[in-house]
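Whatever order the structure lists ligands and atoms in, that order sets their numbers, starting from 1. Only a predicted model underlies this, so the values are computations on that prediction, with no experimental measurement involved.
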Amino acid sequence: MIPPRFEYHAPKTVGEAVALLGQLGSDAKLLAGGHSLLPMMKLRFAQPEHLIDINRIPELKGIREEGNTVVIGAMTVENDLITSPILQAKVPLLCEAAKLIADPQVRNRGTIGGDIAHGDPGNDHPALSIVIDASFVLEGPNGRRTVAADGFFLGTYMTLLEENEVMCEIRVPAFAPGTGSAYEKLKRKTGDWATAGCAVVIRKSGDQVSHVRIALTNVAPTALRAEAAEAALLNKPFNAANVQAAVDAAIAICDPAEDLRGDIEYKTAMAGEMVKRALNKAWSRCA
Ligand SMILES: Cc1cc2nc3c(=O)[nH]c(=O)nc-3n(C[C@H](O)[C@H](O)[C@H](O)COP(=O)(O)OP(=O)(O)OC[C@H]3O[C@@H](n4cnc5c(N)ncnc54)[C@H](O)[C@@H]3O)c2cc1C
């Protein structure tokens, strides 16, 4: 319950935050919504000597459109994803899935950028960001770079983010007309992390699958894109046999950790079930 002592900093710009990260080095941590970092500090799993609060940086907040791209500030809180008219129209999967993250209080603080930067395989945004083909804008001392969500997650709590970088924006191509999507999350209770989850984005051309993205939550050390599962469906008819082939291919890449949510066999079977449900729901939403 009692976190260790730390120095507190509250920069007003990303440039100032980056400078502080450079100056303070690995003794410093960025503080976003604080709903993963503070729990870890209270249990003394993390003991940073400096917290750099990025809540007072206006440029990191808000959702806007740039042509066909939806740009989400990294400090946008989950509840603002749910109520965003832009996301409801252009990337409805994020609105729907954010309702399955944590609870109302946590969603008033927890940010999309923090959920992604944390690199927890139990978090929901990593798999979601992969299926929506998101990219992340990271600012460091040498300027900005943009990296794809697919490939960003390196290991448990490890991502492509460097110690001296701030995630600034999440950029998402607007869904093409007719796109279907779904997020199926098995959990023990509201506000719990997934036992297994699956995100799907899919488009059709006649009875054939013309585009498909499938990603899995909490069944491996990182969120996983299920590329072989996608290949089982792409340019093929959407039927029970091909869906089963996708399910089997997704099951084959699962590598879950055994814990109180279940053993490896159960979590793997549930990942398959979530894939089947998410595919069927997303397909039924295609136009
Ligand atoms: C009771 C409870 C239930 C929860 N359930 C779920 C759930 O079901 N699904 C889910 O996905 N999450 C869940 N969470 C986690 C919650 O969504 C967190 O808010 C989220 O994981 C981290 O976001 P944050 O903004 O709070 O980041 P923080 O806790 O402030 O930071 C997390 C990490 O990310 C780094 N970081 C944050 N922002 C940036 C940035 N812009 N650039 C670079 N690094 C950054 C920080 O330095 C820190 O290392 C739950 C949390 C609680 C307390």
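At a cut-off of 3.5 Å, with distance as the only test, no side-chain donor of Arg171 or Ser135 sits close to an acceptor on the other residue. No side-chain donor from either of Tyr266 and Thr195 sits under 3.5 Å from a side-chain acceptor of the other. A donor-acceptor pair shorter than 3.5 Å cannot be found between the side chains of Trp193 and Asn218. No side-chain donor from either of His35 and Glu78 sits under 3.5 Å from a side-chain acceptor of the other.
For atom 44 (N) of ligand 1, the closest heavy atom belonging to the protein is Ala117 CB, 3.5 Å. Nearest protein heavy-atom neighbour of atom 8 (O) of ligand 1: Lys185 NZ, 2.9 Å. Shortest contact from atom 13 (C) of ligand 1 to any protein heavy atom: Trp193 NE1, 3.4 Å. Atom 18 (C) of ligand 1 has Ser36 OG, 3.4 Å as its closest protein atom, hydrogens excluded (heavy atom only). Among all protein heavy atoms, the one lying closest to atom 28 (P) of ligand 1 is Gly34 N, 3.4 Å. Regarding atom 49 (O) of ligand 1, its nearest protein heavy-atom neighbour is Lys29 NZ, 3.3 Å. Among all non-hydrogen protein atoms, the one lying nearest atom 42 (N) of ligand 1 is Met167 N, 2.8 Å. In this structure, atom 24 (P) of ligand 1 lies nearest to the protein heavy atom Gly33 N, 3.5 Å.
For ligand 1, the polar-atom distance check against Ala74 finds no nitrogen or oxygen pair separated by under 3.5 Å. Note: no N/O pair closer than 3.5 Å links Glu165 and ligand 1 by distance alone. Of the polar atoms of Gly113, none of the N or O atoms is found under 3.5 Å from an N or O of ligand 1, judged by distance alone.
Contact atoms of ligand 1 toward Val166: 42 (N) (distance under 4.0 Å to a heavy atom of the residue). Of all atoms in ligand 1, numbered sequentially from 1 with element shown, those under 4.0 Å from a heavy atom of Asp192 are 8 (O). Remark: ligand 1 atoms within the under-4.0 Å shell around heavy atoms of Gly110 are 19 (O), 25 (O), 26 (O). Which parts of ligand 1 touch Gly114 is read off a 4.0 Å heavy-atom cut-off, strictly below it: atoms 22 (C), 23 (O), 24 (P), 25 (O), 27 (O), 34 (O), 37 (C), 38 (N). Taking every heavy atom of Thr111 and a limit of under 4.0 angstrom, the matching atoms of ligand 1 come to 23 (O), 24 (P), 25 (O).
Leu30 and Phe6 fall into different hydrophobic clusters, where Ile, Leu, Val, Met, Phe, Trp and Tyr residues are linked whenever their side-chain heavy atoms come under 4.5 Å apart, directly or through other members. A single hydrophobic cluster is not seen to contain both Val147 and Val18; linkage of ILVMFWY side chains at heavy-atom distances under 4.5 Å, directly or through other members, places them apart. Linking Ile, Leu, Val, Met, Phe, Trp and Tyr whenever their side-chain heavy atoms come within less than 4.5 Å puts Val131 and Leu94 in one cluster. Under a hydrophobic-cluster definition in which Ile, Leu, Val, Met, Phe, Trp and Tyr are linked whenever side-chain heavy atoms come within less than 4.5 Å, directly or via other members, Met274 and Tyr183 are assigned to different clusters. Ile101 and Ile116 sit in two unconnected hydrophobic clusters of ILVMFWY residues. Membership requires side-chain heavy atoms under 4.5 Å apart, directly or through other members.
With a 6.0 Å cutoff to the six-membered ring centre and a 45° limit on the axis angle, Lys204 counts as a cation-pi contact of Trp283.
In this structure, of Ile57, Thr159, Asp115, the residue bringing a heavy atom nearest to atom 17 (O) of ligand 1 is Asp115. Considering only non-hydrogen atoms, atom 33 (C) of ligand 1 lies nearest to His118 out of His118, His35, Arg109.
Glu165 contributes no side-chain N or O that, together with a main-chain N or O of Glu139, makes up a donor-acceptor pair within less than 3.5 Å. In this structure a side-chain-to-backbone donor-acceptor pair under 3.5 Å is missing from Asn123 to His118.
At a 4.0 Å heavy-atom cut-off, ligand 1 touches Leu161 through the side chain alone. Contact annotation: for Glu163 versus ligand 1, there are no heavy atoms closer than 4.0 Å. For Ile54, every heavy-atom contact with ligand 1 shorter than 4.0 Å involves the side chain, none the backbone.
Each of Glu7, Lys29, His9 was compared with His50 under the side-chain hydrogen bond (donor to acceptor under 3.5 Å, both in side chains) criterion, and only His9 meets it.
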